[in-house]
2 protein chains.
Amino acid sequence: MVNHMVNLDSAFHALADPTRRAVIARLIKGPAAVKDLAAPFGMTLPAILKHLRVLEASGLIGTEKAGRSRICRINPERLAQAEDWLSQQRAVWEGRTDRLTAYAETLARKT
Amino acid sequence: MVNHMVNLDSAFHALADPTRRAVIARLIKGPAAVKDLAAPFGMTLPAILKHLRVLEASGLIGTEKAGRSRICRINPERLAQAEDWLSQQRAVWEGRTDRLTAYAETLARKT
DNA sequence: TAACCAGTAAACCAATTGGTAAAGTAACTG
DNA sequence: CAGTTACTTTACCAATTGGTTTACTGGTTA
């Protein structure tokens, strides 16, 4: 139960970097090798590799070795978990404002 | 247009800490003073204040001074922005898998 | 006015981050 | 077998983070 929190920690942390979000946006369209992910950014291989490790540790992506290259693919479930936390908060918020709206209507009816 | 990214950076960064998510979960049910937010955690006031500043800088919450206390309230729009990015990615993913599904069905029809 | 209360500021600390450069290793290619 | 490619490791760096303690300010209350 605490584990779930830890996952959210690492998932949101992974999402907090524009490079990593760009990698996700790329991978969501299909798997890619490390080299191909590095290409769009003016960044060294080790730098991208660090980002990929952060993403992999968070469970947002998975990687596997194929010959001399490593291919990365998205793990949409973890992305959904982050989205779920947010939509859950929104649900509470909307429940609250609904209640406020209902209360306001009650007041309006009384006056 | 780059600004939007920066906002996502700070929003996701703010969400990456369990204390800050707990603060958000609390504030989404209604405004609260700094002291009340600090109470549930075994943490000093300055520590919570730092978290609140991070949350405020990200735009996820707003604060205002009232007498000697400062009351904090949620800003649901920013929360929605983070959710939007995620659901947008999911939409791409689902579009992709839909296309794969359609392709699989085409194959099935041919055989 | 004296005492208390809520927040703020400042200085400090260990750990983490996002990047680099340089030197390896393992898998293809000619 | 020699060379290139693609990743990997290591060591290093400056900046940021999440926390502390101590001291101070401004409001509230007895």
Side-chain angles (χ1 to χ4, degrees), chain A residues 2 5-27 30-74 82, chain B residues 2 5-27 30-74 82:
Chain A
V2 168
M5 307 281 226
V6 172
N7 289 343
L8 274 183
D9 277 11
S10 59
F12 280 127
H13 167 67
L15 290 168
D17 184 282
T19 302
R20 289 193 293 260
R21 283 201 307 279
V23 166
I24 287 181
R26 165 64 190 79
L27 287 182
V34 175
K35 182 197 73 157
D36 301 322
L37 293 173
F41 314 97
M43 228 179 272
T44 59
L45 248 313
I48 289 288
L49 219 63
K50 278 194 182 184
H51 285 301
L52 292 177
R53 279 201 211 104
V54 170
L55 285 166
E56 192 170 16
S58 75
L60 285 168
I61 73 168
T63 76
E64 59 182 308
K65 201 82 204 221
R68 67 180 158 180
S69 64
R70 172 176 298 276
I71 59 174
C72 312
R73 58 188 74 248
I74 203 81
Chain B
V2 168
M5 307 280 226
V6 172
N7 290 344
L8 274 183
D9 277 12
S10 59
F12 280 128
H13 167 67
L15 290 168
D17 183 282
T19 302
R20 289 193 292 259
R21 283 201 307 281
V23 166
I24 286 180
R26 165 64 189 80
L27 286 182
V34 176
K35 182 195 76 156
D36 301 323
L37 293 174
F41 315 98
M43 228 179 272
T44 58
L45 248 314
I48 289 289
L49 218 64
K50 279 196 181 181
H51 285 301
L52 292 177
R53 279 202 212 103
V54 170
L55 286 166
E56 192 169 17
S58 76
L60 285 168
I61 73 169
T63 76
E64 59 181 308
K65 201 83 201 219
R68 68 179 157 182
S69 65
R70 172 175 298 275
I71 59 173
C72 312
R73 57 189 76 246
I74 203 80

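Just so we're on the same page: letters track the sequence lines, and every chain starts at 1.
Taken residue by residue, residues 44-60 of chain A places heavy atoms nearer than 4.0 Å to DNA chain D at A:Leu45, A:Pro46, A:Leu49, A:Arg53. A heavy atom closer than 4.0 Å to some atom of DNA chain D occurs in A:Ala33, A:Val34, A:Lys35, these being the qualifying members of residues 32-43 of chain A.
Bounding nucleotides for the chain A contact on DNA chain C, 5' to 3', at a heavy-atom distance below 4.0 Å, are C:dT17 to C:dC28.
In this structure, OG1 in B:Thr63 is found 9.0 Å from CD1 in B:Ile71, a value given to the nearest 0.5 Å.
Legend: residues meeting side chain to side chain donor-acceptor pair (under 3.5 Å) with A:Ser69, ordered by chain and number and at least two apart, are absent.
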With a 3.5 Å cut-off and sequence neighbours excluded, list the donor-acceptor pairs that the side chains of residues 31-55 of chain A form with protein atoms.
unit_1: A:His51; atom_1: ND1; unit_2: A:Arg20; atom_2: NH1; d: 3.2

Original post:
When every nucleotide of nucleotides 25-30 of chain D is labelled 5' to 3' by its protein contacts under 4.0 Å (heavy atoms), B for base, S for sugar-phosphate only, - for none, what sequence of letters results?
Top reply: -BBS--
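Here the closest heavy-atom approach between residue A:Ser58 and residue A:Ala14 is recorded as OG-CB, 3.8 Å.
Side-chain contact between B:Leu27 and B:Leu60: absent, with no pair of heavy atoms (C-beta onward) separated by less than 4.5 Å.
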